[in-house]
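Written out below as structure tokens is the structure these notes cover.
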Amino acid sequence: MAKVLTSKKENYSQWYNDLVVKADLAESSAVRGCMVIKPYGYAIWEMMQAELDRMFKETGHVNAYFPLFIPKSFFSKEADHVDGFAKECAVVTHYRLKNDENGNGVVVDPDAKLEEELIVRPTSETIIWNTYKNWIQSYRDLPILCNQWANVVRWEMRTRMFLRTAEFLWQEGHTAHATKAEALEETEKMINVYSNFAQNFMALPVIMGAKSDQERFAGALETFTIEALMQDGKALQSGTSHFLGQNFAKAFDVKFTNKEGKDELVWASSWGVSTRLMGALIMAHSDDNGLVLPPRLAPHQVVIVPIYKGQEQLDAIREKVEIITNELRSLGVRVKFDDRDNQRPGWKFAEYELKGVPIRLAIGARDLENGTIEVARRDTLSKETKSLDGISTYIADLLEEIQASIFQKAMDFRADMTTIVDTYDEFKDVLKNKGGFILAHWDGTTETELKIKDETKATIRCIPFDSTDEDGVCIYSGKPSKRRVLFALAY
RNA sequence: CGGGAUGUAGCUCAGCCAGGUUAGAGUACACGUCUGGGGGGCGUGGGGUCGGAAGUUCGAAUCUUCUCAUCCCGACCA
């Protein structure tokens, strides 16, 4: 087969870019740092959205929508928050264009300057908490459990499709609670929702944990994260859930009257995942032939390609295929019959491989005679000829098996690529020669963390929830440490 | 914001150094035909303000200057 992708081995990021374009997921646009998400890529995102939305609603959340623009003054109300985002904000300064007097097309009308500039939201905490102020008076108004599906803009210096674009799609949950315990519980609940989603639907193993002071969200008291490992040995932060304490309540003066009639500040959480998950999906599972999709997220789980000469054969095949597709659909399988006559079978095989369709069925005259069908798995690239008897349940079961197998493969890879080290030399050696996750002792100071980052570019991805207490010494400072933390080079 | 590079057909690029017929190739596209179990063969055809502006010259894709844009490496990236 002709190679259309740069191989992973040759150049990992070129492979990634090639794959995004050739699998028809997205393409770069005329706007700096912004991509066009193409129908196939968007269909996968919609699968993610649908499942996440279901999970959010199941845990008691509702959707709402807040403005794209945020008055500039809102940002200065929370000091850490503005520090975190100031350098990457797009700002609206005018509201009108006019024709240039010198005939140079359209120019900004200088008379149409806004009195207060508007920020294109990089995240919505400020506008939402300004709104919540009006929604909350009494403990009876709490909790508020809102989510919004939206686009946000962060003016990044360097962008990569899906992983870091200037504009991206995401959901952001913003909740308000009467007590600290409740807000913390919510923060934990949502990182668990993300973890379940990543592992069960994306077949993406993730490590849940807390961010260090250094890596925490701007304005949060605690940030929980799910960290995934990509095939090049780098970590990808795939979702975060923040405990915001009373910071935004203070900044926007959001108080409620408790049962005792006393005013209290409201407690908050916020949490989000973005189209970056598409990048995670691609980099976790795919190979040199293209995308590998876990069946639960595949827009088409099964594609059927007819192989025929002439209309008569196609009609005969179509008759048989109709029975199979009806059976599959009744089993809840998303199946596509590609009977286009303007592409040849070999072309279609390569195309669906690039697009990561989990199972391909090919049926031709030969099969009609023998009562068989060819079943090809995308994840293993294996092919077998099966009898048509009971084919539908076989396929439905196989989809489950593929889902599990993709996850297991990623788990095995992560296990191989997770190293426990006890010295700084070992740490540097693993970073340089192997990559992946590194579990090491750390003295808990930002100073040490920054020095390690400075010297090696590795960062603390998280302090894992499931790590057990263990006495040791910090690999850098030699000071005592109670537990290992997760280091890696990161996207 | 520093360092480097590149803008020629929808896409990937050659041609530029040493200026000179009608600016090429692959791929994609359209039509015809033989085909059809892994991106098919053959034939025909359409498609270009050579990023933009100014200059040098009898003559500029090619040389000069300016300008715009993009990419890569850094810095930056809760």
Side-chain angles (χ1 to χ4, degrees), chain A residues 1-6 11 13-14 17-18 21-22 27-34 75 78-89 104 122-123 125 152 154-161 163-166 168 170 172 211-225 236-237 239-242 244 247 270-272 274 276 289-290 305-311 313-314 317 339-355 360-370 372-376 381 383 385 453-454 457 459-462 489-491:
Chain A
M1 190 189 115
K3 290 284 175 212
V4 294
L5 302 180
T6 306
N11 184 339
S13 35
Q14 192 59 49
N17 287 333
D18 284 359
V21 173
K22 294 287 168 51
E27 62 189 28
S28 56
S29 74
V31 184
R32 195 203 87 106
C34 297
F75 269 86
E78 216 291 333
D80 290 337
H81 194 65
V82 69
D83 279 353
F85 288 105
K87 280 178 284 183
E88 50 188 37
C89 285
N104 293 326
T123 180
E125 274 77 5
V152 288
R154 298 181 188 178
W155 213 262
E156 303 286 357
M157 300 297 275
R158 279 183 78 180
T159 58
R160 295 192 65 193
M161 283 192 281
L163 295 176
R164 180 174 290 111
T165 45
F168 57 93
W170 77 346
E172 47 182 327
K211 285 290 188 187
S212 65
D213 295 357
Q214 176 62 24
E215 298 278 326
R216 191 174 294 144
F217 177 76
L221 297 185
E222 193 78 83
T223 288
F224 300 145
T225 178
L236 185 73
Q237 176 178 305
T240 46
S241 182
H242 314 291
L244 302 173
N247 287 351
S270 71
W271 29 273
S274 71
R276 183 179 242 203
N289 295 309
V305 177
I307 295 154
Y308 61 96
K309 254 182 265 191
Q311 189 63 38
Q313 281 191 5
L314 178 58
I317 291 168
D339 61 349
R340 286 177 299 171
D341 192 31
N342 50 20
Q343 295 297 358
R344 302 160 45 78
W347 192 93
K348 292 177 185 174
F349 291 175
E351 177 74 3
Y352 291 113
E353 230 158 67
L354 262 175
K355 291 191 163 184
R360 182 188 72 234
L361 301 175
I363 182 164
R366 196 199 295 162
D367 295 295
L368 288 185
E369 255 175 57
N370 302 334
T372 58
I373 194 162
E374 184 189 80
V375 181
L381 294 170
K383 287 193 284 197
T385 301
K453 182 181 177 184
D454 202 43
K457 296 195 173 173
T459 50
I460 296 176
R461 303 318 304 151
C462 69
L489 296 175
Y491 275 95

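Everything numeric in this text was worked out from a predicted model, so none of it was measured. Below, read A as the first sequence line, B as the second, and so on, with proteins coming before strands; counting in each chain starts at 1.
The line from CD1 of A:Ile460 to NZ of A:Lys453 is 11.0 Å long, rounded to the nearest 0.5 Å. Of the inter-residue distances, the one linking A:Asn247 atom CG with A:Leu221 atom CG reads 5.0 Å to the nearest 0.5 angstrom.
In this structure, CD of A:Glu369 is placed 17 Å from P of B:G37, rounded to the nearest angstrom. One atom, OH of A:Tyr308, and another, P of B:G38, lie 15 Å apart when rounded to the nearest Å. Summarising the geometry, the separation between CG on A:Asn342 and P on B:A28 is reported as 14 Å, rounded to the nearest angstrom. Rounded to whole Å, the distance from CD1 on A:Ile307 to P on B:G39 is 12 Å. Distance, A:Leu381 CG to B:G39 C1': 15 Å, rounded to whole Å. One atom, CE of A:Met157, and another, P of B:C1, lie 8 Å apart when rounded to the nearest Å. Here B:U35 presents its C1' atom at 16 Å from CD of A:Gln311, a figure rounded to the nearest Å. We find that CZ of A:Phe349 is positioned 8 Å from P of B:G37, with the value rounded to whole Å.
Separation of the P atoms belonging to B:U62 and B:G51 is 8 Å when rounded to the nearest angstrom. On the C1' atoms, B:C50 is 13 Å away from B:C13, given to the nearest whole Å. Comparing the P positions of B:U8 and B:G4 gives an interatomic distance of 22 Å, to the nearest angstrom. B:U44 and B:G26 have their P atoms separated by 12 Å, with the value rounded to a whole Å. Distance noted for atom P between B:G59 and B:G55: 12 Å (whole Å). One C1' atom belongs to B:G15, the other to B:G24, and the distance between them is 8 Å to the nearest Å. Nucleotides B:A18 and B:U70 are separated by 32 Å at their P atoms, to the nearest Å. Between B:U64 and B:G19, the distance separating the two C1' atoms is 13 Å to the nearest Å.
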* **Which nucleotides of RNA chain B pair, in dot-bracket form (Watson-Crick or G-U under 3.5 Å, | meaning another strand)** => (((((((..((((......[...)))).((((((.....)))))).....(((((..]....))))))))))))....
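Ranked by how close their nearest RNA chain B nucleotide is to the 5' end, A:Ala376 and A:Lys457 are led by A:Ala376. Of the two residues near RNA chain B, A:Arg32 and A:Gly364, the one whose nearest nucleotide lies more 5' is A:Gly364.
No contact: A:Arg160 has no heavy atom under 4.0 Å from any strand.
A donor-acceptor contact under 3.5 angstrom links the side-chain atoms of A:Lys383 to the base of B:G38. Evaluation of atom-type donor-acceptor distances gives no pair under 3.5 Å for the side chain of A:Arg344 against the base of B:G36. Checked by distance alone, A:Gln343 brings no side-chain donor or acceptor within 3.5 Å of a matching partner on the base of B:G39.
Candidate nucleotides B:G36, B:U70, B:C77 were compared by shortest atom distance to the side chain of A:Glu156, and B:C77 ranks first.
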* To do: Apply side-chain contact (heavy atoms from CB on, under 4.5 Å) to the pair A:Lys211 and A:Glu222, showing each step before the final yes or no.
  => CA-CA 7 Å; A:Lys211 285 290 188 187; A:Glu222 193 78 83; over 6 Å; no
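A:Arg360 forms a cation-pi arrangement with A:Phe349, by the criterion of a distance under 6.0 Å to the ring centre and an angle within 45° of the ring axis.
No more than 12 heavy atoms of other residues, nucleotides or ligands sit less than 6.0 Å from atom CH2 of A:Trp155.
A donor-acceptor pair under 3.5 Å is formed between the side chain of A:His81 and the backbone N or O of A:Ala218.
With hydrogens and angles left out, the side-chain atoms of A:Ser212 and A:Gln214 include no donor and acceptor closer than 3.5 Å.
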